[in-house]
Amino acid sequence: MTDIYNSRRINILRDSVARRIAAGEVIDRPQAVVRELLDNSIDAGSSEINLYIHGGGIEEIRVVDNGSGMDEENLQKCFLPHATSKITDFEDIYSTKSLGFRGEALSSIAACSRLSITSSVSDDGSAFKLEIQDGKLRDLSPFRGPQGTLISARDLFYSMPGRRNFLKSPSAESALCRSTFIEKALPQLETGFRYFAEDKLKLFLPASDLKTRIVSAFAGLFHQNFIDTFSAETDGISITAAAGTPSLYRKDRKYIQIFINNRRISDFALVQAVDYAYSSFLPGGCHPVCFLFIDIPPEHVDFNIHPAKREVKFRNLPEIHHIVTDTLGSYLGKRNSFRVSAPLTGKQFYSEKQKSLDIGRPAAAVTSAAFPSSPAKDSIFRKQTLEEISSEISSEIAAEAAPVIKKGNITEPSRSPHPAAPGAPLVYLGQLFNLFLLFEHGDTLLLIDQHAAHERIIFDRLSEEKPQVQELLVPVIFCVESAREHFLLNSIEQFKQMGFDLQQADDGEWMLNSMPSICSGMEDELTAFFSRGIKNISELKKELYAMMSCRSAIRDGDSISSITALELAGAVLKLENPRCPHGRPVIQQITREQLFRMFGRTF
Ligand code: ADP
Ligand code: MG
């Protein structure tokens, strides 16, 4: 080995060495080969593209398309450095709409794998097959094949052991290939894509609309009821969004994905614009699911600043930022206007509520769980409507012969079914701001946050009791990153005790076979939860129960009967820790003395 400190001689690197070094910029792992080959098949106008991965893409990556194909003359040139049919002059890069233009992908892949290309420009069965070894043409001869191109890159980095050492396990590399496959497929709705690993079909994305594509690409992760698609255009910039409803929030930004002219980019400013638009609709520290496909005239963006074209320079970033927040803001604003804003009762309430559900959460979420005062009947693991709950509670109260005071109906002496302080009646005064329940309790005015209180009650019950489990007729399938699989495998037993039957399928896919019945309608949140990076099972249990109780508790804006309100207050007064699972208080009080002082009255 040359001692670099003693040697002062300058060497001009051999072409093959220089080419291998340059190739490293474009091709650093199998995922990059997938990216470049899929780009080429898309640029060739294919309507069907199949990707085959073997051994995490290290053994072989094969892409088969039915695009324009290459004739003998083009095959002879395609693997040479700077060989491209997409541009001629430098300035062309600001007008081309193709995904490739640098003419360096095939030459880079040729420099670091065993490459073979079979291609035909017609459907008469005639084709040519090209074989490359160490970046050099080894054979080009007539072959048979349909119109289109089959490219196979085998033994990646076989001559570069240093680079090979940087690769992860085949399953991790294969997961990366799969996510690149999805990224490439998401914006190309008119093309059908198939992904095979070890010759097994893992993902089939036929030509479809955007919502279908997203739902099928992230199998089981998002239900279509939680995704809205819409488009807008301003000043030649068009945006198509597949926006998750606010109920689909996550702790990470993994599913805020921005595509500019059909390429996924990582531009934090635009991710922040999405976060900003959703910020007033999500709990603190949470992020939405939102896929944005932005089309910008090519002269307004420069993709030529990053080897993988992952970063771009915009001519007018603030304008794009503004269009993103505006478009998402008006979508979220419209959704929100469906919310019940004035107290409604009976049928009117439910039909109005249903309206908001049609574009948001599934119908199951309308229901609410019962309170813990009658454990035998209204187990929180069974979902009930508020009306059901009220009528059950009424009959219990009747059985106990405990009269109840309702506002405006003070005809009898009253006490709560569960008086907190014997002797001091709990009088329900009404609901404030559609959220706070007001009670007179002896010398005190009590204010209870109906959602937070109900959440705590359900949370406590979940932590204490064995859930009623519901078998799923069709298991929910979802994807899990390889780094997360280990944790899930080790926690299967604990999940079972919590009522979740989880089973590993293969290649990052998992199945949820059964779950607590209280979770019906929460499948998307649950699968998102299982694939989230929480390491410790007790922390996970706490967060999971908090999510489940939040989802099934009475919501802000739900109107509830006075009987239900009294029942809830009775349960709250017995709580050991009157805080919601996130730590917020569920009850506050103002004494008669404080109130008198506020008004300058002598007590
Ligand atoms: P670029 O895509 O930047 O032009 P590449 O090295 O990726 O450079 O490809 C070189 C050329 O090979 C392309 O410009 C195109 O003409 C041709 N080519 C590559 N893949 C295909 C394919 N799947 N179908 C048709 N032509 C292809
Ligand atoms: Mg290319």
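Atoms within each ligand, like the ligands themselves, are counted from 1 in listed order. Position 1 is the first residue of the sequence; numbering continues from there. Keep in mind that this is a model prediction, so the values were computed, not measured.
Each of K86, R263, K184, R264 was checked for a salt bridge (charged side-chain N to carboxylate O under 4.0 Å, His left out) with D39, and the lone residue meeting it is K184.
In plain terms, the two heavy atoms of L502 and I492 that are nearest each other are O-CD1, 3.9 Å. Residues A217 and L186 come closest through the heavy atom pair CB-CD2, 3.9 Å.
At least one donor-acceptor pair under 3.5 Å links the side chain of N66 to the backbone N or O of E48.
Near the Mg ion (ligand 2), less than 2.8 Å away, sit the protein N, O or S atoms N40 OD1.
Using the six-membered ring where Trp is involved, F181 and Y195 have ring planes that are tilted, between 30° and 60° apart. A tilted orientation is assigned to the rings of F291 and Y255, their planes being inclined by 30° to 60°.
Seen from the ring of F157, R164 does not count as a face-on cation partner, given the 6.0 Å and 45° thresholds.
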Per-pair distances, ligand 1 N/O vs protein N/O, less than 3.5 Å:
{"residue": "ligand 1", "atom": "2 (O)", "partner": "N40", "partner atom": "OD1", "Å": "2.9"}
{"residue": "ligand 1", "atom": "2 (O)", "partner": "K86", "partner atom": "NZ", "Å": "2.7"}
{"residue": "ligand 1", "atom": "3 (O)", "partner": "F101", "partner atom": "N", "Å": "3.0"}
{"residue": "ligand 1", "atom": "3 (O)", "partner": "R102", "partner atom": "N", "Å": "3.0"}
{"residue": "ligand 1", "atom": "3 (O)", "partner": "G103", "partner atom": "N", "Å": "2.8"}
{"residue": "ligand 1", "atom": "4 (O)", "partner": "T84", "partner atom": "OG1", "Å": "2.6"}
{"residue": "ligand 1", "atom": "6 (O)", "partner": "A105", "partner atom": "N", "Å": "3.2"}
{"residue": "ligand 1", "atom": "6 (O)", "partner": "L106", "partner atom": "N", "Å": "2.9"}
{"residue": "ligand 1", "atom": "7 (O)", "partner": "N40", "partner atom": "OD1", "Å": "3.0"}
{"residue": "ligand 1", "atom": "7 (O)", "partner": "N40", "partner atom": "ND2", "Å": "2.8"}
{"residue": "ligand 1", "atom": "14 (O)", "partner": "S85", "partner atom": "N", "Å": "2.9"}
{"residue": "ligand 1", "atom": "14 (O)", "partner": "S85", "partner atom": "OG", "Å": "3.2"}
{"residue": "ligand 1", "atom": "16 (O)", "partner": "S85", "partner atom": "OG", "Å": "2.5"}
{"residue": "ligand 1", "atom": "20 (N)", "partner": "N40", "partner atom": "ND2", "Å": "3.4"}
{"residue": "ligand 1", "atom": "23 (N)", "partner": "D65", "partner atom": "OD2", "Å": "3.0"}
{"residue": "ligand 1", "atom": "24 (N)", "partner": "T149", "partner atom": "OG1", "Å": "3.4"}

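Remark: E198 does not engage K200 in a salt bridge, criterion side-chain N to carboxylate O under 4.0 Å. Look at D209 and K211 and you find no salt bridge, because none of the NZ, NE, NH1 or NH2 atoms lies under 4.0 Å from a carboxylate O.
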